[in-house]
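Here's the structure, in C-alpha cells; my notes come after.
Whatever order the structure lists ligands and atoms in, that order sets their numbers, starting from 1.
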Amino acid sequence: MNFFVFLGAPGSGKGTQAQGLAAAYADVLLHISTGQLIRDEICSETELGRQIKEKADMGSLVSDDDIFNVLAKKLECVKNKKTIILDGFPRTLNQAVLLKQFAEKTGNMIEKVVYFSIADAELINRLAGRFTCVHCGAVYHNQHNTPKTDGVCDFCGSHDFHVRPDDRKEIVEKRLRVYHEETEPLVSYYEAQGLLFKLDASQTVERIKEILLKNISL
Ligand code: AMP
C-alpha cells in the first residue's frame, strides 16, 4: 500500500482530482478524505461526531489525535488497494509525523506529496460556488465543475445537493487562515524530504488530471 498525499488549501481542487482518479481506477486506488470521514462522524451522530461538530462547522481543525484515530480506523478496513490518496491529511506537522510513524510501523510508504498551489483570491472565488452531493460527498462548482446532467450526481445518481456549512463565505476566510498557519509549513517539510510534487492548481480540471496521471504510478 502506497500513500499519495494531496496537499493544498481548501478549494485548491485536491478533492475533485482525488475523487475523479479513484472513480477511474477503483480496483487499485482508494480516495480517503479526512474531511468526509469527519462529516460522516457528524451525520452518524457518533460520540466523536457530537464533540467535533461545532469545530468543523466553524472551520477549525479537530485535534490531531481525533483525526488520526478516525483515519487509522478507516485504514484498518482497507483491503486489496495498492494506492491510497490521502486528501486533507496531514494538515499539521504533528499529523505528518504521525503518518510517517504509521507508515514505518505498517511497512507502507509515502510515495509522493502532490502540492496543489493556488492564490487565495482564486480559492475564495471557487469556494463561494461550491456545492456537494448530500449522499456521497462528491464536490461540484456552479461554474467550473457542474454535474454532467444538471441536478444529478455523476457518481451516485442522487438529486440532493447542499452547500457545506463551512463553505459559507464568512467561514472560508477562517479556513484559509488556518491553512496558512497550520498546513502550509508542510510544503517545506515534504520538500526537504524530496517528496514534494508542486502543481499549478489554477489549471483546468482536465489538464490537472493529465498531469497527475503522468506522475502517479498506479
Ligand atoms: P475538508 O473537507 O478537508 O475541508 O475538512 C472539513 C473539516 O474537517 C475541516 O475544516 C476540519 O474541521 C476537519 N478536518 C479534516 N481533515 C482534518 C485534519 N487532517 N486535521 C484536523 N481537522 C481536519
* Flag, side chain of Thr34 to backbone of Gly88, donor-acceptor distance under 3.5 Å -> yes
Mind checking the [atom1]-[atom2] spacing from [X] to [Y]? Nearest 0.5 Å is all I need.
X	Y	atom1	atom2	result
Lys73	Phe68	NZ	CZ	13.5 Å
Thr16	Arg126	OG1	CZ	8.0 Å
Asp40	Thr46	CG	OG1	9.5 Å

* Name the residues with a heavy atom less than 4.0 Å from ligand 1? -> Thr34, Gly35, Ile38, Arg39, Ala56, Ser60, Leu61, Val62, Ile67, Gly88, Phe89, Arg91, Gln95, Arg164, Asp166, Arg175
* Taking Ile67 as the fixed residue, which of Leu48, Ile38, Leu37 is the one that meets the side chain to side chain contact (heavy atoms under 4.5 Å, CB included) rule? -> Ile38
* Structure fact -> side chain to side chain contact (heavy atoms under 4.5 Å, CB included) filter on Glu104, not counting sequence neighbours, yields Lys100
